[in-house]
Amino acid sequence: MSKVNANLKKRCIGAIAVILVFGFGIDILRLFYFQVLKSDEYRVKAEAQQLSDTLITADRGVIYDASMNVLAESAAAWLVYINPSEIEDDAQADFIAKGLAEIFGDIKPETIAKKISNRKYSYVKIKDKVAYNKKSKVSAFIKENKLHEIIGIDPDTKRYYPFGNFASTVIGMTNSDNNGRAGLELKYNDTLTGVPGRIITARDANSRLMKSNYETKYDAEQGTSLVLTIDKSIQYYLEKGLSQAVKDNDALSAYGIVMDVNTGAILGMATMPDYNLNEPSVLTNPDILAELEKITDEDEYDVAYNNAVFLSWRNKAISDTYEPGSVFKLFTAAAGIEEGVVNLNTTYNCVGAIQVADNRIRCHKHEGHGTQDLTKGLMNSCNPFFITVGQNLGTERFYKYFEAFGFTKKTNIDLPAEAQPVADVTYHSKENMGISQLSSSAFGQTFQVSAIQMITAVSAIANGGKLMKPHVVAKKLDQAGNTVYETIPQVQRQVISESTSEKVLSMMEKVVSDGTGRNAYIPGYRVAGKTGTSEKLTVDGEYIASFVGCAPADDPQIAVLIIIDEPQSAVHGGGAIAAPVAGAVIEQTLEYMNVEPVYTPEELSKLNAVTPDVSGLTVGGAKTTLEKQNFTARIVGNGDKVISQYPVSGQSIPMNGVVVLYTETDNTETSSSVPNLLGLSISEANQRAVNSGYNIRISGASLDSEVISYRQSVEEGTEASLGSTITVYFKTTTGVQDD
């Protein structure tokens with residue numbers, strides 16, 4: 001071989017070596033790039049092709065009331081999905097779309113067909129939150145048509161509210177992704193949300209799920225549960241009273257709060273009208289629906305409808321502010337007594353108006369109240385008197401208590417969307433509080449507060465002067481039911497002394513027994529309170545009527561605030577329309593709490609008596625016995641002797657009530673139609689009830705000679721057993737004006 005050929009051979013070998021090294025080098029670099037630098041990314045892609053990873057939705061924590069009644073819970077539900085890659089052809093796709101649409105009822109076949117039109121996908125969600133009955137139909141559809149490889153069902157959860165509208169603006173609800181959207185569901189979303197589980201299943205070469213022995217399951221963990229301070233029974237009393245108030249007064253809304261004055265715990269909180277938590281986007285209020293029907297433009301209608309829905313979710317007791325009116329005189333009085341500006345013996349001569357700078361501010365009694373002491377001034381809700389107290393305090397001291405009672409800051413209650421006080425917007429700052437602003441503020445005008453601020457401040461007067469932090473969550477429970485957190489009542493500060501607290505409470509009690517709050521009077525229970533009526537700053541010619549009270553006055557346990565927004569009734573004052581609602585709520589709550597009534601001799605003489613036992617007596621003897629105790633006898637049957645009686649012996653019924661005497665064994669369940677007992681005095685209502693064979697239980701301002709009945713517990717025309725008791729509610733419009 002020549003030297004030239006040898007060199008050529010060497011060059012060829014070298015070139016081949018370079019090519020090989022370069023080629024393998026590139027491959028090595030690519031392997032390094034894919035296996036080292038991009039390893040995580042491609043590992044995930046590989047696992048996605050080889051494994052199916054399905055999330056199991058975790059149950060949210062349960063929400064209980066104070067007695068462990070379930071108010072919100074996660075119920076079992078299912079998610080239906082389709083694997084489009086397994087669909088044979090368009091005909092099968094159409095068949096599946098129509099079948100599922102028919103089962104669900106709220107999805108169109110075209111919608112499903114569009115979702116599964118791309119056959120490259122192996123997982124397309126069709127519907128979540130599927131109830132058991134629909135899930136069973138889907139399972140049958142799969143089995144009947146052998147669609148196991150195409151249609152799948154995974155476990156899911158659905159938030160369920162057993163009592164529908166109950167406490168809706170407090171509890172709130174979740175969205176389709178199981179996240180809190182309003183109320184406690186939103187505020188405690190992170191707490192209530194659990195840890196999702198996973199089902200990991202191997203796929204074969206055709207991306208089909210393999211058998212269950214290739215499956216790994218990680219169970220979901222339920223979220224932490226909440227136990228509320230809300231009591232189901234007290235909440236019911238409050239909601240019932242507010243709902244009736246809206247109806248009776250044709251009001252825009254009514255809202256209220258019941259609070260434990262010693263701990264700050266919220267026992268009840270409601271806004272009426274409310275909404276159904278299970279169908280939060282469905283409007284049911286006929287007045288709102290009637291207004292919406294007037295809108296012809298489709299887009300405008302949708303906007304108006306959505307706005308109405310969002311408004312129905314609003315917790316007005318937390319998020320709205322209002323002009324407190326005469327209720328605020330409580331705090332002016334407390335500040336004046338604490339600072340020594342006034343005492344219970346201080347007098348003032350009201351001539352019907354007072355001059356403040358360039359304005360002449362009138363008292364609601366235009367002819368004036370004359371000379372009155374501080375208690376009488378509060379009982380009469382005299383504006384000039386409290387303007388004078390405010391002026392004597394001066395801006396510095398007045399603002400000191402305005403701030404101390406919590407009116408310049410949020411209460412930081414554990415609910416979302418609490419209204420934020422803003423200086424010189426919702427209230428007058430100290431720097432800009434001149435004589436006019438001071439004077440108007442002293443009797444509750446020209447500024448706004450929230451309901452939660454108001455009841456928290458009143459509770460401070462009731463409990464000896466301590467401003468408590470309000471709360472609605474009592475404790476948190478883990479999945480096993482163990483307590484992992486408990487709320488400790490928090491005293492924010494001492495606002496007034498116990499001595500001042502006792503003095504203001506004594507005045508508040510007189511407001512209810514003999515003043516503008518007499519419609520909240522409850523025989524046997526000492527109620528302290530104050531009425532309020534204010535003209536709205538935001539809407540001309542509309543009013544806010546309110547009443548706040550606490551009981552028992554000698555040892556307050558609860559405070560109740562009732563607010564009626566824009567009442568359209570002829571009489572719109574707080575004493576006339578809010579006080580009766582508060583009185584009924586207080587009475588029912590105290591009875592529920594087993595607080596024994598203590599009657600005065602005067603109350604006992606006008607209230608109930610105990611029925612004697614006349615069973616076994618002749619009809620004549622029984623009538624004589626009953627008449628001696630001022631009862632009326634009503635005879636049922638033609639027998640000579642009394643076989644049984646109703647009410648039975650020892651039962652408490654009103655003075656001059658009726659006892660039904662049965663004289664035949666086969667005639668002891670006689671019933672009749674309940675009469676109309678409205679618009680009557682106590683004696684008239686009692687007589688009409690007795691004449692019809694019924695007894696009445698008197699509730700409301702029942703010792704006032706000028707009261708009129710305005711509601712009865714059993715509606716006119718209802719069939720009821722003779723001798724049964726109907727609660728009749730009374731109120732007065734005399735001497736209750738405060739605006």
Side-chain angles (χ1 to χ4, degrees), residues 241 244-245 248-249 251 254 256 323-330 333 350 352 362-370 372 375-383 385-386 443-445 458 507-523 525-535 543-551 553 560-565 567-587 678-682 698-711 728-739:
Q244 191 67 43
D248 290 346
N249 301 287
E323 300 76 29
S326 294
V327 169
F328 195 81
K329 291 168 183 171
L330 296 176
C350 173
R362 300 168 69 178
C363 188
H364 68 85
K365 188 175 183 180
H366 294 174
E367 65 273 25
H369 291 104
Q372 54 193 336
T375 300
K376 279 283 189 181
L378 193 67
M379 289 168 57
N380 296 328
S381 201
C382 179
N383 291 343
F385 198 155
F386 285 89
F443 69 99
Q445 297 284 358
V458 169
M507 292 193 295
M508 291 170 65
E509 187 175 4
K510 294 293 286 184
V511 169
V512 173
S513 62
D514 299 301
T516 60
R518 68 188 68 181
N519 279 325
Y521 171 82
I522 307 168
Y525 293 115
R526 294 172 60 182
V527 179
K530 184 68 187 79
T531 59
T533 309
S534 60
E535 196 166 1
Y543 292 85
I544 293 277
S546 66
F547 177 88
V548 67
C550 49
V560 175
L561 173 62
I562 301 295
I563 298 170
I564 302 176
D565 189 5
Q568 301 303 307
S569 48
V571 181
H572 56 254
I577 65 174
V581 180
V585 173
I586 291 171
E587 181 179 27
L678 304 182
L680 306 175
S681 67
I682 291 176
I698 301 165
S699 181
S702 56
L703 295 188
D704 195 308
S705 60
E706 298 176 334
V707 296
I708 297 296
S709 57
Y710 69 97
R711 196 193 324 160
V728 181
Y729 299 85
F730 293 86
K731 66 180 179 180
T732 181
T733 57
T734 302
V736 295
Q737 291 77 18
D738 55 21
D739 56 329

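The first residue in the sequence is number 1, and the count goes up from there. Note that these values count all heavy atoms, side chains included, but never hydrogens, waters or copies made by symmetry.
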Single hit among Val512, Leu561, Val736 for side-chain contact (heavy atoms from CB on, under 4.5 Å) with Phe547: Val512
side-chain hydrogen bond (donor to acceptor under 3.5 Å, both in side chains) involving Gln445 - partner list, sequence neighbours excluded: none
Interatomic spacing from OG1 in Thr531 to CD1 in Ile577 - rounded to 0.5 Å: 11.5 Å
Leu330 vs Met508 side-chain heavy atoms within contact, under 4.5 Å: yes
Test side-chain hydrogen bond (donor to acceptor under 3.5 Å, both in side chains) applied to Ser546 - qualifying residues, sequence neighbours left out: none
Mutual orientation of the aromatic rings belonging to His369 and His364 [parallel < 30°, tilted 30-60°, perpendicular > 60°]: perpendicular
Those residues that, when tested against Gln568, pass side-chain hydrogen bond (donor to acceptor under 3.5 Å, both in side chains) (two or more places apart): Glu542
Residues in side chain to side chain contact (heavy atoms under 4.5 Å, CB included) contact with Thr375, at least two apart in sequence or another chain: Leu344, Asp373, Met379, Met507, Lys510
Within-4.5 Å side-chain heavy-atom neighbours: Ser326 and Asn383: yes
Any residue meeting salt bridge (charged side-chain N to carboxylate O under 4.0 Å, His left out) with Lys376, in chain and number order, not counting sequence neighbours: none
Residue list, ring-ring contact (aromatic ring centres under 6.0 Å, His included) with Phe328, at least two apart or on another chain: Phe331, Phe402, Phe407, Phe447
Closest approach of Ile708 to Ser681 (non-hydrogen atoms, all atoms of both residues): CD1-N, 4.3 Å
